[in-house]
A.B. asks: 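Below are the structure tokens for one structure; questions will follow.
Counting starts at 1 for both ligands and their atoms, in listed order.
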Amino acid sequence: MTVRQAKLSANAGAGNRYRQTLARIESACQSCGRQAAQLQLLAVSKTRAAPEIESLYALGHRDFGENYLQESLPKIAALPRDCRWHFIGPLQGNKTRAVAENFDWVHSLCSARHARRLAAARPADRDALRVFVQVNIDAEPSKAGCDVADVAALCAEIQELPALELRGLMAIPRPERDGGDPAAAFSRLAQLQDSIAPALPDLSMGMSDDLEAAVAAGSTILRIGTALFGPRPQ
Ligand SMILES: *Cc1c(COP(=O)(O)O)cnc(C)c1O
């Protein structure tokens with residue numbers, strides 16, 4: 001659902017963090033002349049128990065992001081069927097089948113081998129699995145994601161697979177506290193997408209600490225955990 005619709009349905013009930021986050025997104029949009037209706041909010045629910053997720057569901061929220069397959073499956077089973085589940089964590093070859101069967105979106109695809117496995121395992125009666133190519137936008141040595149130089153070829157391979165629907169690029173820039181410049185990294189990701197596949201509809205970028213910079217650079221899906229649920233347990 002769009003941020004605007006979410007805000008309307010949240011007005012009635014509890015959920016201060018939810019309302020504050022939606023207000024933050026709205027004001028980020030106003031600062032750069034964008035419409036909040038162009039943005040989707042993905043609630044990152046890793047480490048959160050099912051009742052915490054249900055409280056967002058009760059406010060009308062439907063899109064949830066999980067990083068670990070084992071942790072996610074009981075929650076997917078516990079929540080109502082009309083939730084949309086986004087896999088945002090590291091993919092492993094032996095988990096691709098369960099991801100393809102249980103999720104609607106994957107934000108963390110970075111190899112052609114995993115793309116083929118996801119496509120082969122996607123049940124025929126489900127819509128195409130919506131995917132993002134994760135890019136190692138700051139070329140960090142130990143970071144997940146496809147090298148910038150390999151993104152175009154991987155996108156082309158994914159577009160040959162009818163069971164997958166390529167939506168755009170995703171990145172997690174080096175945080176400001178580690179010497180990174182997320183605003184510059186988001187702009188580079190947006191330019192990269194423009195240069196290889198300008199028709200793709202989405203850009204998955206922005207987390208709790210850097211959502212304003214992501215909105216300004218053209219994000220369409222914000223992946224937000226801490227701002228919605230509070231600090232994660234270690
Ligand atoms: C945990 C996580 C997020 C959310 O991060 P917050 O800082 O808690 O908002 C977003 N994207 C990915 C890939 C994550 O692993």
A.B. asks: Show which atoms of ligand 1 fall inside a sub-4.0 Å distance from at least one heavy-atom site of Asn67.
C.D. replies: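 Answer, ordered by atom number: 14 (C), 15 (O).
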A.B. asks: Which of the atoms of ligand 1 are close to Arg223, meaning less than 4.0 Å from one of its heavy atoms?
C.D. replies: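 Listed by number with element: 4 (C), 9 (O), 10 (C), 11 (N), 12 (C), 13 (C).
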A.B. asks: Counting non-hydrogen protein atoms only, what is the nearest one to atom 6 (P) of ligand 1? Give residue, atom name and distance.
C.D. replies: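 Sorting protein heavy atoms by distance from atom 6 (P) of ligand 1 puts Ser208 OG, 3.5 Å first.
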A.B. asks: With heavy-atom distances below 4.0 Å as the criterion, list the atoms of ligand 1 near Ile172.
C.D. replies: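 That gives atoms 13 (C) of ligand 1.
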A.B. asks: If the cut-off is 4.0 Å to any non-hydrogen atom of Thr226, which atoms of ligand 1 fall inside it?
C.D. replies: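 Answer for ligand 1: 6 (P), 7 (O), 8 (O), 9 (O).
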A.B. asks: Could you give the distance from OG (Ser204) to CD1 (Ile221), rounded to the nearest 0.5 Å?
C.D. replies: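 The CD1 atom of Ile221 is 6.0 Å from OG of Ser204, to the nearest 0.5 Å.
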A.B. asks: Parallel, tilted or perpendicular, judged at 30° and 60°: which one describes the rings of Phe132 and Trp105?
C.D. replies: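 The arrangement is parallel - the two ring planes meet at less than 30°.
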A.B. asks: Output the list of atoms in ligand 1 that are nearer than 4.0 Å to some heavy atom of Ile224, sorted by atom number.
C.D. replies: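 Answer, ordered by atom number: 9 (O).
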A.B. asks: Does the pair Asp202 and Arg167 meet the rule for a salt bridge (charged side-chain N to carboxylate O under 4.0 Å, His left out), with working shown?
C.D. replies: CA-CA 5 Å; Asp202 283 311; Arg167 298 293 296 192; 2.8 Å; yes
A.B. asks: Which one of Arg81, Arg126, Arg130 satisfies the salt bridge (charged side-chain N to carboxylate O under 4.0 Å, His left out) criterion with Asp104?
C.D. replies: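 Of Arg81, Arg126, Arg130, salt bridge (charged side-chain N to carboxylate O under 4.0 Å, His left out) with Asp104 is met by Arg126 alone.
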A.B. asks: Say whether His107 and ligand 1 are in contact under the criterion: heavy-atom distance to a ligand atom below 4.0 Å.
C.D. replies: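 Checking ligand 1 against His107, which is what was asked, there is no heavy-atom contact under 4.0 Å.
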A.B. asks: Quick test: of every protein heavy atom, which one is nearest to atom 5 (O) of ligand 1, and how far off is it to 0.1 Å?
C.D. replies: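 For atom 5 (O) of ligand 1, the nearest protein heavy atom comes out as Met207 CE, 3.7 Å.
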A.B. asks: Look only at interatomic distance and state if Gly225 has a nitrogen or oxygen under 3.5 Å from any nitrogen or oxygen of ligand 1.
C.D. replies: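 Gly225 vs ligand 1: N/O contact under 3.5 Å present.
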A.B. asks: How far is atom 14 (C) of ligand 1 from its nearest protein heavy atom, and which residue and atom is that?
C.D. replies: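 Closest protein heavy atom to atom 14 (C) of ligand 1: Lys46 NZ, 3.0 Å.
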A.B. asks: Would you check whether Asp209 has a nitrogen or oxygen atom less than 3.5 angstrom from a nitrogen or oxygen atom of ligand 1?
C.D. replies: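 The answer is no, given that Asp209 and ligand 1 share no N or O pair closer than 3.5 Å.
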A.B. asks: When the aromatic ring centroids of Tyr18 and His61 are compared, is their separation below 6.0 Å?
C.D. replies: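 Distance test on ring centres: under 6.0 Å, yes.
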A.B. asks: Once you round to the nearest 0.5 Å, how far does SG of Cys29 lie from CD of Glu212?
C.D. replies: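 Nearest 0.5 Å value for the SG-CD distance: 10.0 Å.
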A.B. asks: Of all the atoms in ligand 1, which lie at a distance below 4.0 Å from a heavy atom belonging to Ile88?
C.D. replies: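 Those of ligand 1 that fall under 4.0 Å from Ile88 are 11 (N), 12 (C), 13 (C), 14 (C).
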A.B. asks: By the definition salt bridge (charged side-chain N to carboxylate O under 4.0 Å, His left out), identify the one residue from Arg223, Lys95, Lys46, Lys75 that meets it with Glu66.
C.D. replies: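 Checked Arg223, Lys95, Lys46, Lys75 against Glu66; only one passes salt bridge (charged side-chain N to carboxylate O under 4.0 Å, His left out): Lys75.
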A.B. asks: For Asp178, does the CG atom have more than 12 heavy-atom neighbours from other residues, nucleotides or ligands under 6.0 Å away?
C.D. replies: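 Counting neighbours around CG of Asp178, more than 12 heavy atoms of other residues, nucleotides or ligands fall under 6.0 Å, so yes.
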